[in-house]
Amino acid sequence: MRDILVAGNWKMNGSSAANAELVAGIVAGVPKGSGFSLLVCPPFPYLAAVVAQADGSAVKVGAQNVSEHKKGAFTGEVAPGMLGDLGCDYVIVGHSERRALYGETSEHVAAKFQAALAAGVTPILCVGESLEEREAGTTQSVIDEQLDAVLDTAGVGAFAAAVIAYEPVWAIGTGMTATPEQAQDVHAHIRARVAEQSAEIAAKVQILYGGSMKGENAAGLLTQPDIDGGLIGGASLKAEDFLAIAEAAAQA
Ligand code: 13P
């Protein structure tokens, strides 16, 4: 079966000292067992230090964003090859905060997804609906548009080396977690959408849930058949909170 991935998206939080303490705490507390892995995604300036600190441990490191370009005159951007060069295994693309606050379109996200893959960095593609979209009954069509943009550009084969994260926008940072059933419904829909193009890849692709996941609700979510991990914001900033979710993953 699919392994569970517990990924922390630190967003724009941390400092050299705070990160060192957080990573030391996580590394020291990795639960025993198999079938799961842990990932932390610090802000760009701290990637190299966190990669060095996590080296040799079970904790992997990823970035939160990436350019769709390989190199050149793109002031302020970070190329996918640079992430690979630093030792990043993953990169988040299309987070709802990037889409909403920085105007990233699904086409833009698809280009970033492909660029990351080409550089050997595993993209974590985020999809998810807003509260208005859910209330209007358009959850599935919103997710289809976000997913299809990448399926159409990169091809279903790309998902053999990628991760999907379902993050309902209304659940992010609000404390309002999707119920395990609500999340499972959407995860099953996403998997079915991928299966329309390849049943084999759909069966293997990890689909993470993100949105106010914490120690108390992790077990209920992670034991759903189509939920293969978590993308965690707030609860990834304290080793104790992150490890509580890791424990749930180790037992799921
Ligand atoms: P919270 O866990 O803080 O709701 O954030 C989720 C998220 O956006 C992870 O990418």
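Please read all numbers here as calculations on a predicted model, not as lab measurements. Indexing begins at 1, ligand by ligand and atom by atom, following the structure's order.
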Quick look: I172 vs ligand 1, heavy-atom contacts under 4.0 Å, and the answer is both
Are K60 and D89 ion-paired here, with the side-chain N under 4.0 Å from a carboxylate O? no
What residues form a side chain to side chain donor-acceptor pair (under 3.5 Å) with H108, not counting sequence neighbours? E68
I need the L231 CG to L5 CG distance, nearest 0.5 Å. 8.5 Å
Reference residue L221; test side-chain contact (heavy atoms from CB on, under 4.5 Å); the match among I227, I245, T179: I227
Contact check, K11 vs ligand 1, heavy-atom distance below 4.0 Å: yes
Using a strict 4.0 Å threshold on nitrogen-to-oxygen distance, state whether R98 and E104 make a salt bridge. yes
Check: of S236, G233, G128, min heavy-atom distance to atom 6 (C) of ligand 1 comes from G233
Ligand 1 atoms in contact with S212 (distance to a heavy atom under 4.0 Å): 1 (P), 2 (O), 4 (O)
Check each atom of ligand 1 against the heavy atoms of E167 and keep those under 4.0 Å away; list them by number with element. 6 (C), 7 (C), 8 (O), 9 (C), 10 (O)
Which residue and non-hydrogen atom of the protein lie closest to atom 3 (O) of ligand 1, and at what distance in Å? G234 N, 2.8 Å
May I ask you to decide if V150's main-chain N or O and T153's side chain share a donor-acceptor pair within less than 3.5 Å? no
Counting only heavy atoms, tell me which of Q64, H95, E97 gets closest to atom 8 (O) of ligand 1. H95
Atoms of ligand 1 close to G211 [distance to a heavy atom under 4.0 angstrom, numbered from 1]: 4 (O), 6 (C)
E129 vs Y166, test: side-chain hydrogen bond (donor to acceptor under 3.5 Å, both in side chains). Steps then yes/no. CA-CA 9 Å; E129 82 289 3; Y166 168 54; 2.9 Å; yes
Give yes if a backbone or side-chain nitrogen or oxygen of G173 is under 3.5 Å from a nitrogen or oxygen of ligand 1, and no if not. yes
One should read off an interatomic distance between N9 CG and E97 CD, to the nearest 0.5 angstrom, of 7.0 Å
Test of understanding: given a 4.0 Å heavy-atom threshold, classify the contact between A171 and ligand 1 as side chain, backbone, both, or neither. backbone
Backbone or side-chain N or O of T174 under 3.5 Å from ligand 1 N or O: no
